[in-house]
Amino acid sequence: MRKVVCIGESILSPLGATPAENFAAVCRGESALQRYEGMFGVREPFVASLMDRGRWTVPGRTFFDSIVIEAAQRAVEAAGIDPASPRTAFVLSTIKGNIEYIDTQDVTLACSARRLADAFGNPNPAVVVSNACISGLAALLQGRRMLLSGRFDHVVVVGAEVQSRFIVTGFQSLKALSEAPCKPFDAARDGLNLGEAAAAIVLGFGESGWELVDGAVRNDANHISGPSRTGEGSYKALRYVLKHTSPEELAFVNVHGTSTLYNDEMEAIAIDRAGLLDVPVNALKGTFGHTMGAAGILESILSMHAVDARIVLPTRGFSELGVSLPVRVSAQAGTTDKRAFVKLLSGFGGVNGALLFRKGGAAC
Amino acid sequence: MLTIKRFASIPCGTDLTALYRATVGDYPKFFKMDTACKLGFLLAEQLADEPRFTPREDRAVLMFSTCGSLCNDRHYEETVREFPSPSLFVYTLPNIITGEIAIRNKYEGETSAYVMERFDPETFVALVEQAFQDSVTASALCGWVDCRADDDYTAFAFLVERGGNGKEFNVDNLYGTVNQ
């Protein structure tokens with residue numbers, strides 16, 4: 001089978017406008033998480049990682065559409081592909097898109113996907129993968145499948161999320177937000193922070209570089225808003241991708257690590273069941289917050305950069321293990337000589353996903 | 001080859017509560033669901049095969065629409081100024097419909113939600129076929145549930161399987177089945 005590889009990436013976040021800038025910021029332990037009062041007209045203060053709207057909003061476009069198209073543009077340029085080719089497809093990953101304009105505009109996610117494809121003169125139907133918090137991971141898997149179907153030479157997978165009163169009040173109503181910067185897997189963790197970002201990966205065929213080896217999505221079939229107590233779906237997704245590798249080959253598992261009590265405990269159980277307790281684990285939500293539709297793509301790109309630099313990224317916000325199993329959470333940056341990693345995510349609707357990435361070709 | 005094992009549809013204007021009482025009746029979570037989830041749930045009931053309620057990883061649930069969760073999003077937005085409703089907020093995700101079907105039926109396989117500009121049979125068939133690249137997936141409940149408003153929707157779904165004796169799952173047979 002031909003190998004599906006990453007041939008161009010981009011990240012726009014409060015910490016930088018390129019993958020390299022974002023990677024350097026993560027290595028330095030930075031974060032843009034800060035407390036907002038009155039933002040979006042939300043009564044209760046909240047902590048979030050938000051982008052500079054003035055910098056990124058293009059006249060005639062919403063902030064969301066602006067960062068989607070800009071992230072896609074940068075990844076397309078990095079990959080050097082023809083985005084208008086009928087052999088190129090676009091996949092958009094988002095959960096709420098332009099929801100902040102629900103009262104005044106057509107905010108269907110498909111509209112944003114159409115504007116994305118139109119911005120590049122691409123003739124193909126624009127598909128949105130909206131699979132809650134695993135959307136970015138599911139969209140990458142979808143891109144891989146579209147390539148393997150033989151219909152396309154390149155798939156541009158773009159993930160983005162912007163925050164709004166709609167989303168912030170929703171998570172507040174669920175009492176899921178922490179009032180401080182979040183603490184993935186920590187004993188004192190008490191909820192998540194929301195974040196804004198856009199990230200894109202162009203997938204194509206190749207023999208060297210970062211291969212998207214395989215992935216799986218599995219449902220807990222347990223509860224629409226609470227994770228399985230046995231880590232069922234996460235475990236099954238991990239088990240599927242582990243058919244292609246062994247724990248010894250993995251530099252780390254980059255987990256969801258939202259910092260809610262139940263998510264992180266569930267992931268620890270799934271990691272244990274999958275036989276991965278000896279593999280380093282890290283999470284990036286303490287750096288970027290939960291960037292929802294962007295998370296799977298953003299966190300995958302930074303994980304690739306980490307392995308390229310032979311680093312296991314630190315888990316900002318983590319200090320004392322607070323899950324019931326001895327997961328090897330990386331508090332500080334570590335080193336690795338391994339060439340593969342697993343990206344893990346979970347979301348509402350009981351959905352879980354795992355992707356396996358492996359660096360091929362000559363060692364750099 | 002993929003084949004169509006079963007097909008189900010719910011005409012717009014159907015009394016969903018009456019349909020629930022006539023065909024299910026013992027699943028009170030139904031009343032918490034938004035309209036899109038009720039439609040998906042009832043379609044899945046019509047498509048379910050024996051043995052029921054046995055955990056299975058080999059069945060995927062793939063749901064498609066144009067509107068996603070927008071109908072319920074409007075209901076949630078109405079609560080935001082006074083008292084944001086957590087019970088409405090959890091339904092503001094296009095994939096909750098897949099979760100409700102998975103929970104009810106103990107389908108532990110892939111669940112995915114896709115949003116498209118319009119019902120496009122070529123893309124629908126292509127995305128379902130591609131989901132079968134997952135080697136564990138042996139069958140998929142795949143449907144178009146587009147809930148524009150609580151009283152304005154399109155809802156139909158197929159049970160598609162690898163092999164099988166039914167008609168091939170392709171664009172022509174999809175059209176033929178839906179138009180019947």
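Each chain gets a letter, A, B and so on, in the order its sequence line appears, and its residues count up from 1.
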Residues B:S85 and A:S173: closest non-hydrogen pair is C-OG, 4.0 Å

Which region of B:F64, side chain (C-beta onward) or backbone (N, CA, C, O), has a non-hydrogen atom less than 4.5 Å from a non-hydrogen atom of chain A, or is it both or neither?
neither

Could you tell me which of B:I101, B:D73, B:V136 has the largest number of non-hydrogen atom pairs under 4.5 Å with chain A?
B:D73

If you compare all heavy atoms of A:T108 against all heavy atoms of B:C67, which two are closest, and at what distance to 0.1 Å?
CG2-CA, 4.2 Å

Apply the side chain to side chain contact (heavy atoms under 4.5 Å, CB included) test between A:I95 and each candidate in B:L93, B:N95, B:T92; give the one that qualifies.
B:L93

Whatever's closer than 4.5 Å to a heavy atom in chain B on A:S149 counts as both

Of A:L92, A:L148, A:V42, the largest count of non-hydrogen pairs under 4.5 angstrom with chain B goes to A:L148

Distance-minimising heavy-atom pair for B:F89 and A:F166:
CE1-O, 3.8 Å

Let me know if A:D103 has heavy atoms under 4.5 Å from chain B in its side chain, its backbone, both or neither.
side chain

Results of side chain to side chain donor-acceptor pair (under 3.5 Å) for A:N98 - residues two or more places apart only
A:T62, A:D65, A:S112

Can you tell me which portion of A:I99 sits under 4.5 Å from chain B's heavy atoms? Options are side chain, backbone, both or neither.
side chain

Under 4.5 Å to a heavy atom of chain B? For A:I224 that would be both

With heavy-atom distances below 4.5 Å as the criterion, would you say the side chains of B:E77 and A:R165 are in contact?
yes

Side-chain contact, heavy-atom cut-off 4.5 Å: B:V61 with A:N219?
no

Against chain A, label B:S135 side chain, backbone, both or neither, depending on which of its atoms sit under 4.5 Å from a heavy atom there.
both

What are the residues of residues 102-127 of chain B, in order of number, with any heavy atom under 4.5 angstrom from a heavy atom of chain A?
B:A102, B:I103, B:K106, B:Y107, B:E108, B:G109, B:E110, B:T111, B:S112, B:A113, B:Y114, B:V115, B:M116, B:E117, B:D120, B:T123, B:A126, B:L127

Pick from A:R145, A:R151, A:R114: which one has the most heavy-atom pairs with chain B under 4.5 Å?
A:R145

Do other residues, nucleotides or ligands put more than 12 heavy atoms under 6.0 Å from A:R229 CZ?
no

A:R43, CZ: over 12 other non-hydrogen atoms inside 6.0 angstrom:
no

So, do A:R144 and B:Q130 sit near enough that their side-chain heavy atoms are less than 4.5 Å apart?
no

Residues, nucleotides or ligands: over 12 heavy atoms within 6.0 Å of B:F53 CZ
yes

Please classify the contact of A:F171 with chain B as side chain, backbone, both or neither, using a heavy-atom distance under 4.5 Å.
both

Please flag which part of B:A60 lies under 4.5 Å from any non-hydrogen atom of chain A: side chain, backbone, both or neither.
neither

With a 4.5 angstrom heavy-atom cut-off, could you sort out which part of A:K243 is near chain B: side chain, backbone, both or neither?
side chain

Taking the side chain as every heavy atom from C-beta outward, state whether B:E57 and A:R239 have any atom pair closer than 4.5 Å.
yes

Quick one: what part of A:A132 sits under 4.5 Å from any heavy atom of chain B, side chain, backbone, both or neither?
both

On a heavy-atom basis, the closest approach of B:P84 and A:T169 is CG-CB, 3.8 Å

